[in-house]
Structures are given as C-alpha cells and as structure tokens.
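Please read these numbers as outputs of a predicted model, since none were measured by experiment.
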Amino acid sequence: MSDPADVLTDLRAEGDELDAVVGELSDEQWRRGTPAAGWSVAHQIAHLAWTDRAALLAVTDPEAFAAEVEKALAAPERFVDDGAEEGAALPPAELLARWREGRERLDAALRKVPPGGRFPWYGPPMSAPAMATARLMETWAHGQDVADALGVRRAATARLRHVAWIGHRARDYAYLVRGERPPAEPFRVELVAPDGESWTYGPEDAAQRVHGTALDFCLLVTQRVHRDDTGLRAEGADAEHWLGIAQAFAGPAGAGRAPREGAR
C-alpha cells in the first residue's frame, strides 16, 4: 500500500478534480441522469458526501458509527440508496457545501490517525491508508459516472494505481460475495500505466494472468464498463471468469454495465 501521506494527497486531488467538474453546474445539470440507474449527478455527489460522513464517524466516534451499522443491517438493500436520495433532495449549493466540508474534515481526521491505528467499518476494521484508498476509488468511480452524464472526458492519471491496487486486492471478495470459492492460487495482473510504465501485482510465475491498460482494469473493477468493452486479456479460465465478476467496492455483487452495441 502507498505511503499514508501520498494516498491522502492523491485523495484530495481526486476530490478537487471532481469538484472542478460539478462546482459550476446548473440546476438542470445536477438533475441529469447518470449511467447508474435512478441516480442523477446530485445522487452521485450525495453518495460521496454520505460515505465521507460515515468514514468520519468511524474515525472519530466509533459508538456513533456502530449505530449507523445497525441502520445498514436493518435495510441492507436500501441504506445506500436512501443516503443518496436524502442528499440529492438538497439544493445543489447546500449539497456541494456539505460534500466539500466532509472532504476537509475526513482528510484532517485521517491525517491524525497514529501509525498502525485502525477503526471500525462495514467490513473488517480499516487503517487510515486503507480508508483513504477506498475513498479515492469511490471518488474516481462515481466521478466517472458524473463525467459520463455530462459528456466530460477525463484524463487518466497516476492516481489510478490506488484503484488498481484495491481492485487486485479485492479479488477473493468478488467470489465470496457471489457465494463462489476463490481460486487457491494467486493471479498475476500486468497493467500499462497512463504514462506507459508497468504496474504489476501478484507473483511473476502465476499461471492465471491479466494484461491490459490500467484505465480499462480500473473501469472494470469499479463496474463502470462491461468486460467486452475493454481491451483486457486473460490467460487461464479462472482469470477470465474473474474479469466477469471483479469488483473493487464492498457490498452486494453489482449488476455491472451492459455492453455497448457492437461489442465483442
């Protein structure tokens, strides 16, 4: 995992980049639908603000966070959508201010976590670097939904290394959340970074392998693109299957995206 200061700096940059996209939107643009069914641009930002608040509670007030977990357990299929719906109903200026304030407060709280410190989460306890990596992954993924809705083309950056890392790290989770048994042997993932360098994960001699661009891999593991719409290549039946179910985020198995017309 990256140095805590590095990933926190990258998380801030990812949030700032998305902020620059939504900061001057009209009310109509805030209501525009995104590729996530039923979610507008406002829902996407509201979800990020809601999750930042949950993360801040986990870091600063574990008892209050435990109450939030109870709410989630009481409505596991609705609590994420409900949080987004509540925020999306706010006036855009108020929603934007809430998101900005939450980002600042979470950044400050994570920077104060002592080395080795851990705090509760919806799954296993998290460290500050792990939480920052997860927040960056979500900010980038939901930012992609916003960009797609608005017709904005985003440049791939070196910050994708955090998304790629968590995507590879979450391999077994993708199987388990679907009731499948993860393969016993590790996989090798070899990606071409935005600057042309190589990012690799897993043992060099692994039989099951994935090759492609970091951007395609990150879009796939965040389920922002269908497998057939990427240039990713798999060596081995297990690796091929994984590319059909991969997810970097916690929670139920996502439905993913339909392939574009004419995809292989």
Distance, nearest 0.5 Å, that separates [atom1] of [X] from [atom2] of [Y]:
| X | Y | atom1 | atom2 | answer |
| --- | --- | --- | --- | --- |
| Glu63 | Thr60 | CD | OG1 | 11.5 Å |
| Trp30 | Gln44 | CH2 | CD | 11.0 Å |
| Leu56 | Thr51 | CG | OG1 | 12.5 Å |
| Asp61 | Phe119 | CG | CZ | 13.5 Å |

Are the aromatic rings of Tyr173 and Phe249 close, with centres under 6.0 Å apart?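 Ring centres of Phe249 and Tyr173 not closer than 6.0 Å.
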Aromatic contact, His162 with Trp140 (centres under 6.0 Å):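 Not under 6.0 Å, so no.
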Are [X] and [Y] grouped together when hydrophobic residues (ILVMFWY) are joined by side-chain heavy atoms under 4.5 angstrom apart?
| X | Y | result |
| --- | --- | --- |
| Trp242 | Val163 | yes |
| Ile245 | Tyr201 | yes |
| Leu106 | Leu95 | no |
| Leu48 | Phe65 | no |
| Val225 | Phe217 | yes |

Return yes when atom [atom1] of [X] has more than 12 non-hydrogen atoms of other residues, nucleotides or ligands closer than 6.0 Å, and no otherwise.
| X | atom1 | result |
| --- | --- | --- |
| Glu197 | CD | no |
| Glu86 | CD | no |
| Arg169 | CZ | no |
| Glu28 | CD | yes |
| Arg188 | CZ | yes |

Pairing of [X] and [Y] as salt bridge, 4.0 angstrom limit:
| X | Y | value |
| --- | --- | --- |
| Arg224 | Asp148 | no |
| Arg227 | Glu240 | yes |
| Lys71 | Glu68 | yes |

Let me see the working for Leu215 and Leu160 under side chain to side chain contact (heavy atoms under 4.5 Å, CB included), right down to the final yes or no. CA-CA 7 Å; Leu215 178 59; Leu160 288 179; 4.2 Å; yes
Heavy-atom side-chain contact between Leu110 and Val59 under 4.5 Å: yes
Identify every side-chain donor-acceptor pair in residues 11-21 under 3.5 Å, counting partners at least two apart or on other chains, and give the distances.
from  : atom 1 : to     : atom 2 : distance (Å)
Arg12 : NH1    : Glu104 : OE2    : 3.1
Arg12 : NH2    : Glu104 : OE1    : 3.3
Arg12 : NH2    : Asp107 : OD2    : 3.1
Glu14 : OE1    : Arg159 : NE     : 2.5
Glu14 : OE1    : Arg159 : NH2    : 3.3
Asp16 : OD1    : Arg103 : NH2    : 3.0
Glu17 : OE1    : Arg159 : NH2    : 2.9
Asp19 : OD1    : Arg100 : NE     : 3.3
Asp19 : OD1    : Arg100 : NH2    : 2.8
Asp19 : OD2    : Arg100 : NE     : 2.9
Asp19 : OD2    : Arg103 : NH1    : 2.9

Over 60° means perpendicular and under 30° means parallel, so tell me whether Trp39 and His142 are parallel, tilted or perpendicular. parallel
With sequence neighbours left out, write down each residue that passes salt bridge (charged side-chain N to carboxylate O under 4.0 Å, His left out) with Arg209, or none if nothing qualifies. Glu190
